[in-house]
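Working notes, beginning with the structure itself.
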Amino acid sequence: MSLAQLHYTSASAEDDGGGARFTAVSAGIPTPVLSEAEQLLGYEPPAGAPYHPTTDELRSFPEAFSFSALSDGSHLLSRTVALGGPGAGRFHAHAVHLPAGTGLPGDVPAITAWRSPNWASTTPDGGTPGRMASLPASAAFGPEALNDFAVSRSPWLAAVFADLRRASEESSSTRVVLVERQSADVARWIALAGAVLPPENARRLTFTTYTRRPAQSPHRVVGVLPQDAPEPNFDDGHGLRVHNSTGPRPAGPADDAWAETCARIWRSRSPELFRAAAELPGEPFAAGPLAVTALCAGVALGPVERAAAADWAAERPYALDEERTWLLTDALTAPGIDRTSTELASVARLLTALDGRSPAATTASLAALLVTEAVRGGDVTLEPPARSAFAEPAGERASAALVTALGDDLRTELATGAPTAPGRSVARTVQLLRIARLLDVDCADLLPDVVHRMARCLLGEGAAGCGPLLLDLLDEQFDVRTALLGELDRIAPHDPAGTERLLTGVALPFTGTQALPHLRMCAAAPDVRAGDGDRVKVLHTVLRAGGMSPFTEPLVLRTAVGLVWGEDTPTAGEARLLLGGTTSDAHRTAGTWSVLVAAALGAPADDEEAPELAHDLLRGFPQEIDARVRGALLLLEFARDVRSGAAEPGWAERARKLCAGADPVEPGVRDQAFGALAGRLLAPDRPEAELYAFVHSDDADLIAAYGRAARQDTVLGRLRSEPAYVADCFTVWSSHPHAGRAWNETRAALLEEVLRPVARGLSAGEVAAVEEAAERTGSSRTAEAFRAWNRPGGFGRRLGSRLTARVRRS
């Protein structure tokens, strides 16, 4: 194969620097190629270049060595250098044309032609040069020179390789700007890239070692001098990625395992590993083959790259021979390395892939690493290896060494419970128990305390994502399963809601011979609650799910109440059914008697079941109820007795004393008792002595309750339908003017706001009936007072007031 040549210069040796033009072109080069080449072969001297550069100054000018893609699919490989003479912009470009689908002879990378001795700096004679046979490489890129350069650019290697990978992809818009003081160093960067990129990507990577205007360059890799460098974060829509080796070192990794591995290989001066890695299976730019090759050759890698190597080998357990597999595992298990959880997870996958395929000496080292990291590193996501990893004599020796090194630490942490992040203590305990069983470390004496802590953590934190691991543990270790389920069942009555949440998240296997009534109830509760709105029925259904009667195991009652009502309080009616369905002894033992008391004290004032419940509670729990609560329950019982007519005389005084003894009394309890008292005093058959004592008590709360009761619908309805009741209320509300301020204000308000609207709505016959009843139950003066009070107009009201006063005095 021969290469067609082009020579393009700014001036001939004879003129004074006229316009640039082609001065020599091989035959057969299409005219469109020449038109495109003109746009690529120009040269702009560095900023501040002298107008008449000396020979030494010309040597310092950068050399623009470019590999450019043309629109027809062909390429142009060119070298442009500055010329001496008048004017700093004189240059000469020598290029070869590579038709589409062809490359340099020997299919060598274009960068190898940098400073080839066949490049010319002057136009040959004749105007039509022949075709060039080759562009032999110079000695500029010898192995040691590139190794030295790579080491000198260590901080930038990974970031540059990561961007070169992006730039080499066909659909990419990324362009890499390399800032160097010498264009030769840009060429060395491109030589480094040619070694690491897959051959196809390397062949189509266009570049130029020098330009003044990187944003306008059509090349994927662009070299510039420091004075022309864009800012590192430069972005004007051209997709430039700037790497300035003359500036500060980059901070942080490149976040590209392939690029980081390439960088470490170059730093170790081992570029031959790129060729060796290319023989391994894998996608282009896959970090795995490179990382495996590097580790087997003794190159130190970071945790991300080591994880990539382990993952690649785990996916292809037959890709490596026994020797390289051993070298890889030896590198992965090297001591003194900080490992991440991601890397350890990759090592675990590799162990699973090799287990049964590789000798125990290979797998045992990986298993020992995982166990050691699990015990000492505290990564709870790391699962212990399978027991088969410690098979054969080599595995047994590794296991025995682990027991010696870790056995005491393992037992100590199980005994004390090492501090872990919230929500991870259960996972840690599961992990340690599984490792103890794997290594045959005897922990039977520690088991009671271990499961005690684990059970409480499970109820407090839940399984926290370790549910499957917990189930594996219970399946593997019957003694742990029995102890843990028994402990959970024992403490379930103290936290039924937490137990239910746990069982909702993790289906614990309690279907064996253990009774576990509380766990069974907690498991059944969600479905039972969803199927019935009657909470008392739900409670009995939940109790049946536990398989034990509250008469024989009272604590199931506590669990059931907690599952059905949770943080809520039963109604007084529900509480009466609960108490009636079992004995007070069962509630006393279960501790649910306090729930029944709360139901009574929390009932609303109109709940007729609350006084009955209070009566039952006072009889059923005489020793458990303290003085204040007893006073409140007695107040409710007093309401019951008043309504039934069983209350002893002295109602008002007893209500006041009970209320004082129950202070701070619940509003519903007080309103229940005061309302019952007021209701009885509003009845026509009330004891007059009780009414008199009540009116003269001057107790604002008691009298206010009377006022509220008089406004209830039952009283208003009776007033509208019973003239005699109207007369009775008028008589009472017009009496006892000297009883005190509270009574006077209340009775006056009742006369005006309650009785007067009713009286105005009465017919003439009903008014006459009221007057007749007033005269019959009181006197003629009472009837006269009612007529005067009921007369429209201010005069009638004043007269009625005077007559009413006479009634009071009489």
Side-chain angles (χ1 to χ4, degrees), residues 141-158 160-162 164-165 188 191-199 202 253-254 256-340 342-344 346-347 349-351 353-354 357-359 361-363 365-366 369:
F141 293 152
E144 286 307 312
L146 280 182
N147 285 337
D148 290 343
F149 177 75
V151 171
S152 72
R153 298 300 189 270
S154 290
W156 293 271
L157 286 175
V160 171
F161 290 154
L164 284 172
R165 176 181 63 78
R188 291 185 179 95
L192 296 184
V196 302
L197 292 173
D256 186 319
W258 174 85
E260 289 285 356
T261 306
C262 291
R264 289 176 182 269
I265 289 175
W266 270 117
R267 289 189 199 112
S268 69
R269 299 174 177 269
S270 305
E272 69 279 1
L273 298 181
F274 294 115
R275 293 188 296 274
E279 298 175 1
L280 296 177
E283 297 295 322
F285 301 110
L290 269 180
V292 166
T293 304
L295 288 174
C296 290
V299 177
L301 299 182
V304 175
E305 296 76 52
R306 294 195 298 268
D311 284 335
W312 180 89
E315 293 171 2
R316 304 168 180 83
Y318 295 112
L320 301 177
D321 57 28
E322 184 175 328
E323 179 183 0
R324 285 201 290 178
T325 300
W326 183 86
L327 289 172
L328 175 61
T329 58
D330 189 56
L332 291 173
T333 57
I337 298 176
D338 291 332
R339 296 175 172 87
T340 64
T342 301
E343 178 186 356
L344 292 172
S346 299
V347 171
R349 285 191 287 272
L350 176 60
L351 174 59
L354 296 180
R357 296 187 177 99
S358 296
T362 300
T363 59
S365 63
L366 294 175
L369 169 67

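Reckoned from all heavy atoms, side chains included, excluding hydrogens, waters and symmetry mates. Predicted, not measured: the structure shown is a model, and the values here were computed from it.
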Worksheet item: Is there a side-chain contact between Val292 and Arg316 (heavy atoms, below 4.5 Å)?
Response: no
Practice prompt. Return the minimal non-hydrogen interatomic distance between Ala259 and Ala162, and the atom names on each side.
Written response: CB-N, 3.5 Å
Practice prompt. For Leu146 and Trp266, run side-chain contact (heavy atoms from CB on, under 4.5 Å): C-alpha distance rounded to whole Å, both residues' side-chain angles, the deciding distance at 0.1 Å, then the answer.
Written response: CA-CA 9 Å; Leu146 280 182; Trp266 270 117; 4.2 Å; yes
Worksheet item: Considering all heavy atoms of both residues, which atom of Leu290 and which atom of Cys262 are nearest to each other, and what is their separation?
Response: CD1-SG, 3.4 Å
Discussion item. Within the structure provided, determine whether Thr363 and Leu351 are in side-chain contact (heavy-atom separation under 4.5 Å).
Written reply: yes
Practice prompt. Indicate yes or no: at least one non-hydrogen side-chain atom of Thr342 is less than 4.5 angstrom from one of Val304.
Written response: no
Worksheet item: Okay, side chain of Trp312, backbone of Pro281: is any donor-acceptor separation there less than 3.5 Å?
Response: yes
Discussion item. Distance check, rounded to the nearest 0.5 Å: Leu350 atom CG versus Glu315 atom CD?
Written reply: 11.0 Å
Worksheet item: So do Ile265 and Thr293 actually touch side chain to side chain, heavy atoms under 4.5 Å?
Response: no
Worksheet, complete the sentence: Rounding to 0.5 Å, atoms CG (Leu327) and CG (Leu295) come to a distance of 10.0 Å
Discussion item. Ignoring hydrogens, what is the shortest heavy-atom contact between Pro303 and Asp338? Give both atom names and the distance.
Written reply: CB-O, 4.5 Å
Discussion item. Less than 4.5 Å apart, side chain to side chain, heavy atoms only: is that true for Ser358 and Trp326?
Written reply: no
Discussion item. Quick one, Arg324 with Leu280, criterion side-chain contact (heavy atoms from CB on, under 4.5 Å). Give me CA distance, side-chain angles, the key distance, then yes/no.
Written reply: CA-CA 12 Å; Arg324 285 201 290 178; Leu280 296 177; 3.7 Å; yes
Worksheet item: Okay, side chain of Arg339, backbone of Leu344: is any donor-acceptor separation there less than 3.5 Å?
Response: no
Discussion item. So Leu192 and Leu157, do their side chains get closer than 4.5 Å, heavy atoms only?
Written reply: yes
Worksheet item: Which heavy-atom pair separates Ser152 from Trp156 by the least distance, and what is that distance?
Response: O-CZ3, 4.4 Å
Fill in: Straight-line distance of Leu369 CG to Glu343 CD, nearest 0.5 Å
8.0 Å
Worksheet item: Under 3.5 Å, is there a donor-acceptor pair between the side chain of Glu305 and the main chain of Ala287?
Response: no
Worksheet item: Side chains of Leu354 and Thr329: closer than 4.5 Å at any heavy-atom pair?
Response: yes
Worksheet item: Do we see a donor-acceptor contact under 3.5 Å between the side chains of Arg349 and Ser346?
Response: yes
Item to complete: Can you label the angle between the Trp258 ring and the Phe285 ring as parallel, tilted or perpendicular, going by 30° and 60°?
Response: perpendicular
Worksheet item: Under a 4.5 Å cut-off applied to non-hydrogen side-chain atoms, are Thr362 and Pro359 in contact?
Response: yes
Worksheet entry | Atom CG of Asp321 with >12 non-hydrogen neighbours under 6.0 angstrom | yes
